[in-house]
Number of protein chains: 2
Amino acid sequence: MLSLKQLHYLVVLAQTQHFGRAAELCYVSQPTLSGQIKKLEQQLGARLLESSKPKLLLTPLGHQVVQRAQALITQVRDIELLAGQSIDPLQGKLRLAIIPSLAAYILPVISQVVVQQLPALQVELVELQTHQLIAQLQTGLIDGGLLALPKDTPGLRSVELWVEHFVLAVPATHEWAQRTRIASQDIHDQNLLLLEDGHCLAEQSRRLCGLSDTYNAFKGTSLETLRHMVRMGYGVTLVPQLTQQLWQQQGEQGIKFLSITDPTPGRQLGFLGRQGSAIWPLIKRLNDIAQSVLPYQQQGANVIAFD
Amino acid sequence: MLSLKQLHYLVVLAQTQHFGRAAELCYVSQPTLSGQIKKLEQQLGARLLESSKPKLLLTPLGHQVVQRAQALITQVRDIELLAGQSIDPLQGKLRLAIIPSLAAYILPVISQVVVQQLPALQVELVELQTHQLIAQLQTGLIDGGLLALPKDTPGLRSVELWVEHFVLAVPATHEWAQRTRIASQDIHDQNLLLLEDGHCLAEQSRRLCGLSDTYNAFKGTSLETLRHMVRMGYGVTLVPQLTQQLWQQQGEQGIKFLSITDPTPGRQLGFLGRQGSAIWPLIKRLNDIAQSVLPYQQQGANVIAFD
DNA sequence: TAAGCATTATTGATAAAACCTATTATAAAT
DNA sequence: ATTTATAATAGGTTTTATCAATAATGCTTA
C-alpha cells in the first residue's frame with residue numbers, strides 16, 4: 001500500500017524540481033527521498049519521472065499523480081484540523097498567510113486583539129504574495145490567508161473583511177503637497193513608484209492609473225522602501241489608508257497624503273480558507289475580530305477587481 | 001504523520017463495528033488494529049471511539065473522520081487505477097459488481113466477448129444489490145457497477161447500456177398460458193412472486209403493479225427459485241426479457257411468457273463508475289462491447305425510475 | 001579533453017515501527 | 001456463577017524507513 005509520506009515526498013519533489021531541496025523540506029536525507037520515490041514508482045508499476053535527465057521532468061502520469069496526491073495531502077491536513085477543532089474550536093495551531101502590502105500595517109492593529117480574545121490559539125504567520133498564498137492554501141501548506149480578494153478561487157471560500165481605500169503619497173516638496181484631494185484621472189504624468197512584480201498592490205496601482213504591465217519605473221521590495229523613495233522626492237505612490245495612518249503615527253513629516261476622488265479606488269480585503277476545512281468557523285471568527293477593531297467600515301470605493 | 005493504513009483500519013472498523021472482523025478484513029491481527037486505532041487517536045489528539053462500551057460507537061468527530069478517511073482511501077485507489085491505466089488503458093484489474101437480477105442472464109451473453117476483446121483485462125466479479133453496490137463504489141471497494149440506473153448518485157457517473165423490457169412469467173397451466181400479451185393494468189389479482197427485499201427487481205415489480213412496500217407474498221432468494229415456484233403453479237412473476245430467452249434456450253416447458261403492453265414496463269440498465277476515476281474510459285469501452293452483443297436496442301418502454 | 005562542480009544513486013548499518021503470538025482484562029450472556 | 005465474546009496488554013520478531021558515507025552521473029568550465 002502506498003503511503004502518504006511517499007505521496008508527500010513526490011509533491012514536494014515536483015514543487016522543488018530538486019531531490020536535495022525536496023529532502024530538506026521534508027526533513028529527511030536525499031537518499032531517503034530518492035528511495036521512496038523509486039519505491040512509489042514500483043508500487044504503482046509505472047514511471048513518474050522522465051528517464052531522460054537533462055532536467056528533472058515528470059511523465060504525463062507523474063503530473064496527474066502529483067495533482068491527486070496534492071489533493072490528498074490537503075485532505076489529510078483537514079482531518080487533522082477537524083480533530084484539533086473538535087476539542088475546542090478556538091484552540092490549536094493555525095497557519096495564516098498575509099500579503100506583504102497588508103501585513104506591515106494591519107498586524108499592529110489586529111494582533112493584540114486576537115491574542116486577547118483567542119488566547120489558546122497559536123497563529124503561525126507567513127508573508128506571501130497572492131499567487132503563492134492561493135497555491136499554498138490549495139496544497140495545505142497554510143490554512144488561511146488574509147489578502148485582497150481575487151475573483152476566482154476554485155476549492156476555496158472567502159469572507160469579506162472590509163474595503164480599504166488607497167491614498168496618494170507625495171513628497172512634502174511636491175507641487176500637490178498642500179492639496180488634500182485629487183481626482184484619480186489627474187494622477188497621470190507622475191513618476192509612480194511600484195512594488196516589485198508579483199505584489200498585488202503594484203498590479204492594483206497599475207490598473208488604477210491605466211499603466212501597462214511593462215511600465216518600467218522604480219520597483220521597491222517593500223512599502224518601507226517606497227516610503228524612503230517618496231520622502232526623497234523620487235516620485236509618488238499609492239498606499240492603503242491604514243498605511244498613511246501608521247506612518248503619520250510614526251511622525252512621518254516628509255510625506256503628504258492626498259485622498260483620491262472620482263472615483264475613490266480601493267480593494268476588497270478578506271480572509272480565504274479551504275472549502276470543507278474544519279477551521280472555517282475559526283477564520284470567520286478572526287474576520288469578526290478584525291472587523292471590530294478596524295477604524296470604520298469603508299464604503300463607496302471603486303473596488304479594483306483582479307485575479 | 002498519520003498513515004493511510006491507520007485511516008483504512010478506521011474505515012473498516014466503522015463498517016464492521018467489530019475489531020476482530022475488521023482486523024481480518026485488513027489481513028492483520030486484532031491487537032495490531034487496536035493499537036493503530038489507538039495511535040491514530042493519539043496523533044489526532046482526540047477520541048474517535050466512544051469510551052462507554054455497550055457497543056462499539058463512534059464519537060461525532062469519529063463519524064466525520066471516517067467519512068473523510070473513506071474519501072481519501074477511494075482517491076488513493078483511483079491513483080493506483082490511474083497508474084495501471086497509464087501503461088495500457090485496456091489492461092489491469094477491474095473490480096466490477098453486478099446486481100443479482102442481472103448477473104444470471106447477462107453474463108453468459110457478454111462475458112465471452114469481453115474476454116475476447118479485452119484479453120489483458122482481469123475482471124473481478126461480485127454480485128451486489130444496488131445499495132451495496134453504490135456504497136462500495138463510493139468507498140472504493142469496487143471500481144464499477146452494472147445495474148438498473150438509479151436517479152441520484154453523488155460522486156458517481158453513469159453510462160446508459162440499454163432499456164430492458166419486463167415480461168410476465170406464468171405457469172403453463174395458467175389461464176393466460178395461451179395468450180402472448182397482456183395489458184399491464186390487468187396484472188392485478190395475481191399472486192405475484194417477488195425476490196427478497198433489497199433486490200431492485202422486487203422494488204420495480206412492486207411499483208409496476210402498484211403494490212405497497214408491505215405486500216407480503218412469497219419472496220425468493222434468486223430468480224432460479226422464482227422459476228421453480230412459477231413452474232409449480234404458485235403464482236406469476238416479472239422477469240427481464242433476456243431471462244425469458246435464457247430459460248427458453250434451456251428448454252423450459254413449464255413456464256409461458258406474456259409480453260406486457262399499455263405501457264410496456266422496463267428499466268434503464270447502465271454502468272456506474274466514480275467521478276474522476278481513471279478507469280472511466282475502460283468502463284465506457286465495456287459498455288460499448290456489451291451494447292454490441294445485446295440482441296437489439298429496446299425502445300419505447302415505460303422506464304421505471306427508482307432510487 | 002580533462003577537471004571541477006552539482007546532482008542523484010548505491011551501500012551497509014541502525015533505529016523505529018508495525019506486526020504477531022500468547023495472555024490477561026472486561027463485558028455480556030447463559 | 002460460569003461461560004463466551006470481545007478488546008487490551010506484554011514481549012519478542014520482522015520489516016522498513018532512515019542515515020552517513022560514497023560512488024556514479026551529467027553538466028560546466030578551463
Side-chain angles (χ1 to χ4, degrees), chain A residues 1-59 61-63 65-66 69 72-73 76 79-80, chain B residues 1-59 61-63 65-66 69 72-73 76 79-80:
Chain A
M1 193 173 193
L2 32 147
S3 76
L4 285 173
K5 258 187 203 173
Q6 294 169 339
L7 295 177
H8 180 229
Y9 292 165
L10 178 68
V11 168
V12 177
L13 178 61
Q15 282 171 347
T16 59
Q17 301 270 74
H18 190 288
F19 278 80
R21 269 185 287 281
E24 211 174 327
L25 286 174
C26 296
Y27 305 106
V28 294
S29 69
Q30 169 264 314
T32 296
L33 192 133
S34 292
Q36 290 304 308
I37 295 292
K38 182 169 287 183
K39 194 179 166 194
L40 181 61
E41 284 187 325
Q42 278 180 349
Q43 287 172 331
L44 289 179
R47 304 231 46 166
L48 301 173
L49 304 173
E50 215 63 74
S51 316
S52 58
K53 344 174 174 178
K55 264 290 164 60
L56 194 148
L57 272 180
L58 290 169
T59 62
L61 171 66
H63 279 108
V65 173
V66 165
L72 274 176
I73 306 287
V76 172
I79 289 182
E80 290 171 343
Chain B
M1 192 172 192
L2 33 150
S3 76
L4 284 173
K5 259 188 201 172
Q6 294 170 337
L7 295 176
H8 180 230
Y9 291 164
L10 178 68
V11 168
V12 177
L13 178 61
Q15 282 171 349
T16 59
Q17 302 270 76
H18 190 289
F19 279 80
R21 269 185 286 281
E24 211 173 327
L25 286 174
C26 296
Y27 305 106
V28 294
S29 68
Q30 170 264 315
T32 297
L33 191 132
S34 293
Q36 290 303 310
I37 295 291
K38 181 168 284 182
K39 193 179 166 193
L40 181 61
E41 284 187 325
Q42 279 180 348
Q43 287 171 332
L44 289 179
R47 305 233 45 167
L48 300 174
L49 302 173
E50 216 61 76
S51 315
S52 59
K53 355 179 169 175
K55 266 289 162 63
L56 195 149
L57 273 179
L58 290 170
T59 62
L61 171 65
H63 278 109
V65 173
V66 165
L72 273 176
I73 307 288
V76 171
I79 290 182
E80 290 170 344

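Convention: sequence-line order gives letters A, B, ...; per-chain numbering from 1. Note: hydrogens, waters and symmetry copies are ignored here, and every other heavy atom, side chains too, is used. Values in this document were obtained by computation on a predicted structure and should not be read as measured data.
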Notebook entry, point to check: Taking atom CZ of B:Arg47 and atom CG of B:Leu61, what is their separation to the nearest 0.5 Å?
Noted result: 11.0 Å
Next item on the list: Measure the spacing between NZ of B:Lys5 and CE of A:Met1 and express it to the nearest 0.5 Å.
Entry: 8.5 Å
Has the side chain of [X] got a donor or acceptor atom that lies under 3.5 Å from a matching backbone atom of [Y]?
X       : Y       : value
A:Thr59 : A:Glu50 : no
A:Thr16 : A:Arg21 : no
B:Glu41 : B:Leu49 : yes

Specify the separation, in whole Å, of atom [atom1] of [X] and atom [atom2] of [N].
X       : N      : atom1 : atom2 : result
A:Leu49 : C:dA9  : CG    : C1'   : 13 Å
B:Gln30 : C:dA25 : CD    : P     : 16 Å
B:Leu56 : C:dA28 : CG    : P     : 13 Å
A:Met1  : C:dC19 : CE    : P     : 11 Å
A:Leu57 : C:dT7  : CG    : C1'   : 15 Å

Checklist line | Per A:Lys5 side chain, nearest of listed nucleotides C:dT11, C:dC19, D:dA17 | finding: D:dA17
Next item on the list: Name every residue in residues 32-41 of chain B that has at least one heavy atom under 4.0 Å from any atom of DNA chain C, in order of residue number, or write none if there are no such residues.
Entry: B:Thr32, B:Gln36, B:Lys39
With heavy-atom distances below 4.5 Å as the criterion, would you say the side chains of [X] and [Y] are in contact?
X       : Y       : value
B:Leu40 : B:Tyr9  : no
A:Leu48 : A:Ile37 : no
A:Leu72 : A:Val11 : no

Check: Hey, can you pull the residues of residues 6-28 of chain B with a non-hydrogen atom under 4.0 angstrom from DNA chain D?
Finding: B:His18, B:Phe19, B:Gly20
